[in-house]
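What follows is one structure encoded as structure tokens, with my remarks underneath.
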Amino acid sequence: MTSTIPVPPDPDALAAFDRDSYLILRNAISPELRERLAEASLRLLATDRTAGRDRSTDGKDGFRGVVAMDGTFLPLVANPAVLPTVVGLLSPNLHLMSSNLIYMPSIPSSGTRTIRVPERHGWHRDMASATRDLGREKIPRLSIKAAYYLSDITPDAGITMVLPGSGNDTGPVTVPQGAIDPPGAIIPDLGPCDVLLFENRTWHAGGLNTSGHPRLAVMMQYGYRWLAGLDDPAPHLREHPDLDDIERQLLGTPDRNPDGSVTHEGAGAWALQQWWERVNSNPPHSS
């Protein structure tokens, strides 16, 4: 699973993300990997495991920290089709904050919804605690999610909706009375092997899944190494023999010397930093 990140990110893609607060990267995984990811997801969901389980209303199920639960998910950690763009939008001083498996059943035609209704429309920004602490006007770009959808992608499948440009707007989202979506909200035009990127300031919501089949997704959240991870610690992952140094960094390499003694702050990010310096003389594109 050794990662290869051969080229710098596309400047036009970075500019599009700055403008739109989201980005679609085409063919980010192979059909074969997508199939294996879906099978691994369903295996986990079929267990009675409670550690890391993430259940909520309307039948939602899933897990946080899936990269530590099944090695099938490890190729997503430093996906070479995704990571250069994430580094370009943030910096090389990154780690994986969360790997979240989400299962949402289809809404039966006769069912009663408790979310995605006018009284509880579900539109939100990530990292709400940081926004509360810093304020809407001051919150910077702190993290980026890469969302992979592993079930059939149809207009009624309930994939994540986004409000374009909302990462640049410090105000709250405005949903008209009686509606469930703000004006201008879109369902991203995704193919089965594409990935959707959006940041912590992007207003987004799960769409309505009325497709007749569950929606299955894995969301990988990347953020600065000085931000706390959201998953349970799994330091044993870094001992996997097939990982390279970039993957180990993303899985939590600390600022330590080989003998375990403390070294300078940011030393644990050397792998991505050296890659960036090899492929791109420009500074990262964080805003």
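This one's a predicted model, so the numbers in the text were calculated from it and none came from an experiment. Start at 1 with the first residue, then count along the sequence.
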Do you know which two heavy atoms are closest between [X] and [Y], and how far apart they sit?
X    : Y    : answer
P92  : A269 : O-CB, 3.9 Å
R238 : L251 : NH1-O, 3.4 Å
D169 : G171 : OD1-N, 3.0 Å
C193 : R34  : SG-CD, 4.2 Å
P188 : I159 : O-CD1, 3.5 Å
P183 : T174 : CD-O, 3.5 Å

Using side-chain heavy atoms (C-beta onward) and a distance below 4.5 Å, is [X] in contact with [Y]?
X    : Y    : answer
D231 : S99  : yes
R215 : T160 : yes
V195 : I29  : no
F198 : S21  : no
L37  : Y148 : no
E199 : L89  : no
W123 : R116 : yes
L216 : L45  : yes

Could you state whether [X] and [Y] fall into the same hydrophobic cluster, counting links through intermediate Ile, Leu, Val, Met, Phe, Trp or Tyr residues with side-chain heavy atoms under 4.5 angstrom apart?
X    : Y    : result
I187 : L190 : yes
I139 : M97  : yes
M220 : Y224 : yes
I24  : L163 : yes
V162 : I144 : no

So does D48 have more than 12 non-hydrogen atoms from other groups sitting under 6.0 Å from CG?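 At most 12 heavy atoms, drawn from other residues, nucleotides or ligands, come within 6.0 Å of this atom.
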
Any chance CD of Q274 has more than 12 other-residue heavy atoms, nucleotides or ligands included, within less than 6.0 Å?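 Yes, because the 6.0 Å sphere around CD of Q274 holds more than 12 heavy atoms from other groups.
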
So R125 and T202, side chain to side chain contact (heavy atoms under 4.5 Å, CB included) or not? Walk me through it. CA-CA 6 Å; R125 282 172 162 159; T202 306; over 6 Å; no

Take R64 and S98 through the side-chain hydrogen bond (donor to acceptor under 3.5 Å, both in side chains) test and state the conclusion after the steps. CA-CA 7 Å; R64 287 194 175 274; S98 181; 3.0 Å; yes

Donor-acceptor pair, distance only, cut-off 3.5 Å: does the side chain of [X] make one with the backbone of [Y]?
X    : Y    : answer
D61  : Y103 : no
N209 : H213 : yes
N168 : D18  : yes

Would you compute the distance between atom [atom1] of [X] and atom [atom2] of [Y] and round it to the nearest 0.5 angstrom?
X    : Y    : atom1 : atom2 : answer
H124 : H204 : NE2   : NE2   : 3.0 Å
F73  : S41  : CZ    : OG    : 3.5 Å
D12  : R19  : CG    : CZ    : 9.5 Å
N200 : K145 : CG    : NZ    : 10.0 Å
L96  : S143 : CG    : OG    : 11.0 Å

Hey, are R36 and D70 close enough for a salt bridge, meaning a charged N less than 4.0 Å from a carboxylate O?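 A salt bridge is absent here (no side-chain N lies under 4.0 Å from a carboxylate O).
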
Given side chain to side chain contact (heavy atoms under 4.5 Å, CB included), test L250 with L94 step by step and report yes or no. CA-CA 6 Å; L250 293 170; L94 299 181; 4.2 Å; yes

Using side-chain hydrogen bond (donor to acceptor under 3.5 Å, both in side chains), reason through D156 and T154 one step at a time and then give a plain yes or no. CA-CA 5 Å; D156 57 355; T154 55; 2.6 Å; yes

Go through the steps to decide whether I246 and L83 satisfy the test side chain to side chain contact (heavy atoms under 4.5 Å, CB included), and finish with yes or no. CA-CA 10 Å; I246 287 176; L83 190 58; 3.7 Å; yes

Should N93 and S91 be marked as a side-chain hydrogen bond (donor to acceptor under 3.5 Å, both in side chains) after you check the CA-CA gap, both sets of side-chain angles, and the distance that decides it? CA-CA 5 Å; N93 192 35; S91 89; 5.2 Å; no

Trace of the side chain to side chain contact (heavy atoms under 4.5 Å, CB included) decision for D194 with L25: CA-CA 6 Å; D194 299 343; L25 297 177; over 6 Å; no

